2 protein chains.
Amino acid sequence: MTSNGKAPNTLMIRKLESIFPLSDEEKQTLADLPIHVTRLKPDRDIVRIGDRPFQSCLLLEGFTCVYKITAEGKRQIVAFHVPGDIPDLQSLHLKVMDNSVATVSPCTLGFIPHEALHDICNRFPRITAAFWRETLVDGSIFREWMTGIGRREAYNRMAHLLCELLLRLKAVGLVEDETFDLPLTQNELADAIGASAVHVNRVLQELRGDGLIRSKGTQVQILDWERLREAGDFDPLYLHLRQDGNA
Amino acid sequence: MTSNGKAPNTLMIRKLESIFPLSDEEKQTLADLPIHVTRLKPDRDIVRIGDRPFQSCLLLEGFTCVYKITAEGKRQIVAFHVPGDIPDLQSLHLKVMDNSVATVSPCTLGFIPHEALHDICNRFPRITAAFWRETLVDGSIFREWMTGIGRREAYNRMAHLLCELLLRLKAVGLVEDETFDLPLTQNELADAIGASAVHVNRVLQELRGDGLIRSKGTQVQILDWERLREAGDFDPLYLHLRQDGNA
DNA sequence: CGTGCTCTTGATAGTGTTCAATACAGGTGG
DNA sequence: CCACCTGTATTGAACACTATCAAGAGCACG
């Protein structure tokens, strides 16, 4: 049991079921998946580039990121993951990790052996489809981020990122009063939007100054969704949520 | 039959089989897939963002690109595809296109109905896995491109792109004497690496001046693989080719 | 109550953009 | 076969966004 009092895979089941309804048998099989729950401190690698994992991890609590380091030692964060996500599901079919995954906040993780996942996929094609779809949505988010980094300015990228996190966190019930916890340093935000930490700082001040957001500590509140959305050139289509979560 | 005298899906079968051997039955079923072959001129959209395609297309000849347009009208190309690729395979599970796909050169395309693909996936889990894997490799390339756009300079990104294209084209037998056809304008290269066309022009001159590449018309020759690879900070791991195609 | 990290702020420098003009190249029509 | 047309490639100059450097302030933690 995790601290929210649910069986660890409940989150995953709820998520998969939001894609299409699962039969009782399918749900039961998912619930019976062997899962090994662990807690990790912030800034700990979960898997590293070059690894050949035999398991994938389901994020239960906290934020993780996927990143790469260039020859010059610069880091690019290519994805954030929120509870319910499976950050390294790809390793089910790509044997060698081509990126690293790390915690950014304290995290609770559930590790599931690939063997068990393969087994369930063989028995239930619809679950295969649901997992496949998960990885496709990840890919869609990559495309959107790439578009931002390549063609939008930092101010707009930051607005876009905040829009995305709001919707994704809403989808797992982690938003209240347009406010959510964003346990990321400006350094991590910088690595995600492909900017410097100094510039992220200035861009955040601008966003606050423009009345789009407010923040105290790690809490962020979206003050003006419509203008933030416009600033970020944000269209939730790419998230492929069933109901377009709007403010 | 395409102009290279093979049944249209031969390319796809060869590619899938390079992932893991297929049984005769699987191969036969793939060969029997209904496929509708068409030729398209350059710069034609194949599918557009927002579309709900009922088929996916197998690229038989030519180059296609996947792109998005920002609110400001700037284009980001997030992927190129070469013969043997299925640029919009994602639409099999993501009903609404979150990006557009277009030809960049004259292309021969084979359209396969989703219905037929779903059917074959249901019957052959290994083919499902192979298709899934294809989309995962696409995702891996997105991550690598994002890292480049976010954290590498234009000169290095261009070197990286040329390294990648060399290996991917080699894998489908389209490289001879370290030379391949690159039917892309500098404008298209610019949209792919997230730079301006003017800057791409200068960067290409630098690469030529440094003796890394040579080009006449649309033909590009890699003169110094090792230095190009170093300039591009290129590690082929992310392409997940079975034999690390090297020069 | 230091230590170390994060956040801020100011100044300087650089990579890359935009604008504009010119040269080139391939394809078309007379 | 040549003039013509249009898109592509090239070049120069001014400018802009963003990085880098440096230093101080705020905060959490042991």
Side-chain angles (χ1 to χ4, degrees), chain A residues 41-44 63 70 72-77 103-106 148-161 181-209 213-220 231 233, chain B residues 41-44 63 70 72-77 102-106 147-161 181-209 213-220 231 233:
Chain A
K41 294 183 178 174
D43 266 314
R44 294 291 191 278
F63 278 57
T70 69
E72 285 195 320
K74 298 184 175 179
R75 177 172 75 158
Q76 175 69 43
I77 291 177
T103 59
V104 294
S105 71
I149 296 174
R151 292 305 191 204
R152 287 193 264 257
E153 301 189 351
Y155 178 85
N156 312 281
R157 296 205 291 280
M158 182 59 72
H160 190 284
L161 177 57
D181 191 49
L182 188 67
L184 306 178
T185 65
Q186 294 183 356
N187 236 304
E188 288 156 344
L189 288 170
D191 287 342
I193 70 170
S196 70
V198 170
H199 202 228
V200 161
N201 182 287
R202 290 178 172 135
V203 153
L204 284 174
Q205 290 182 53
E206 259 194 277
L207 286 169
R208 285 189 285 253
I213 64 168
R214 186 163 58 180
S215 62
K216 32 185 162 22
T218 61
Q219 297 294 110
V220 175
D233 187 12
Chain B
K41 294 184 177 174
D43 264 315
R44 295 291 191 277
F63 278 56
T70 69
E72 285 195 319
K74 299 185 174 179
R75 178 173 73 159
Q76 175 69 44
I77 290 177
T103 59
V104 294
S105 71
T147 304
I149 296 174
R151 291 305 190 204
R152 288 193 264 257
E153 300 188 351
Y155 177 87
N156 311 282
R157 295 206 291 279
M158 182 59 73
H160 190 284
L161 177 58
D181 191 49
L182 188 67
L184 305 178
T185 66
Q186 294 183 355
N187 236 306
E188 287 156 343
L189 288 170
D191 286 342
I193 69 170
S196 70
V198 170
H199 202 229
V200 161
N201 183 287
R202 291 177 172 135
V203 153
L204 284 173
Q205 290 182 54
E206 259 193 277
L207 285 168
R208 284 190 285 250
I213 65 168
R214 185 162 59 180
S215 62
K216 31 186 160 27
T218 61
Q219 296 295 110
V220 174
D233 186 13

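Lettering of chains follows the sequences in order, A, B, ..., and the numbering in each one begins at 1. Just so it is clear, the model here is predicted, and its values are computed rather than measured.
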In whole Å, I'd like the distance from the [atom1] atom of [X] to the [atom2] atom of [N].
X: A:N187; N: C:dC7; atom1: CG; atom2: P; value: 8 Å
X: A:L189; N: D:dA19; atom1: CG; atom2: P; value: 13 Å
X: A:M158; N: C:dC7; atom1: CE; atom2: C1'; value: 13 Å
X: B:H199; N: D:dG12; atom1: NE2; atom2: C1'; value: 14 Å
X: B:N156; N: C:dT15; atom1: CG; atom2: P; value: 11 Å
X: B:I149; N: C:dG16; atom1: CD1; atom2: C1'; value: 14 Å
X: B:E72; N: D:dC17; atom1: CD; atom2: C1'; value: 13 Å
X: B:K41; N: C:dG27; atom1: NZ; atom2: P; value: 13 Å

May I ask you to say what [X] touches in the nucleic acid, namely base, sugar-phosphate or nothing, with a heavy-atom cut-off under 4.0 Å?
X: B:G217; answer: nothing
X: A:S196; answer: base
X: B:A197; answer: nothing

Counting just side-chain N and O atoms, does [X] come under 4.0 Å of either OP1 or OP2 of [N]?
X: B:Q186; N: D:dG7; result: no
X: A:Q205; N: C:dT9; result: yes
X: A:N201; N: C:dC7; result: no
X: A:R152; N: D:dC17; result: no
X: A:R202; N: D:dT20; result: no

TODO: Heavy atoms only: give me the nearest A:Q186-A:N201 pair and the separation to one decimal.
DONE: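 Closest heavy-atom pair between A:Q186 and A:N201: OE1-ND2, 3.0 Å.
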Open item on the list: Keeping A:R202 on the side-chain end and A:V200 on the backbone end, is there a donor-acceptor pair under 3.5 Å?
Closed with: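 Not a single qualifying donor-acceptor pair exists.
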- [ ] Keeping the roles fixed (side chain from B:T103, backbone from B:R44), state whether a donor-acceptor pair exists under 3.5 Å.
- [x]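 Side chain of B:T103 to backbone of B:R44, a donor-acceptor pair under 3.5 Å: yes, one is there.
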Open item on the list: Taking the minimum atom-to-atom distance to the side chain of B:V198, which one of C:dA20, C:dG16, C:dT9 wins?
Closed with: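 The answer is C:dA20, which lies nearest to the side chain.
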TODO: Give the nucleotide from the list C:dT17, D:dA22, C:dT15 with an atom nearest to the side chain of B:E153.
DONE: C:dT15
TODO: Give the intermediate values and the outcome of side-chain contact (heavy atoms from CB on, under 4.5 Å) for residues B:I193 and B:H199.
DONE: CA-CA 11 Å; B:I193 69 170; B:H199 202 229; over 6 Å; no
Task: Upstream residue (5' side of DNA chain C) when A:L204 and B:K74 are each assigned their closest nucleotide - done: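 Its nucleotide being nearer the 5' end, the pick is A:L204.
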Open item on the list: I want to check something: taking the side chain as every heavy atom from C-beta on, are B:I149 and B:R157 in contact at a cut-off of under 4.5 Å?
Closed with: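 With C-beta onward as the side chain, the pair touches.
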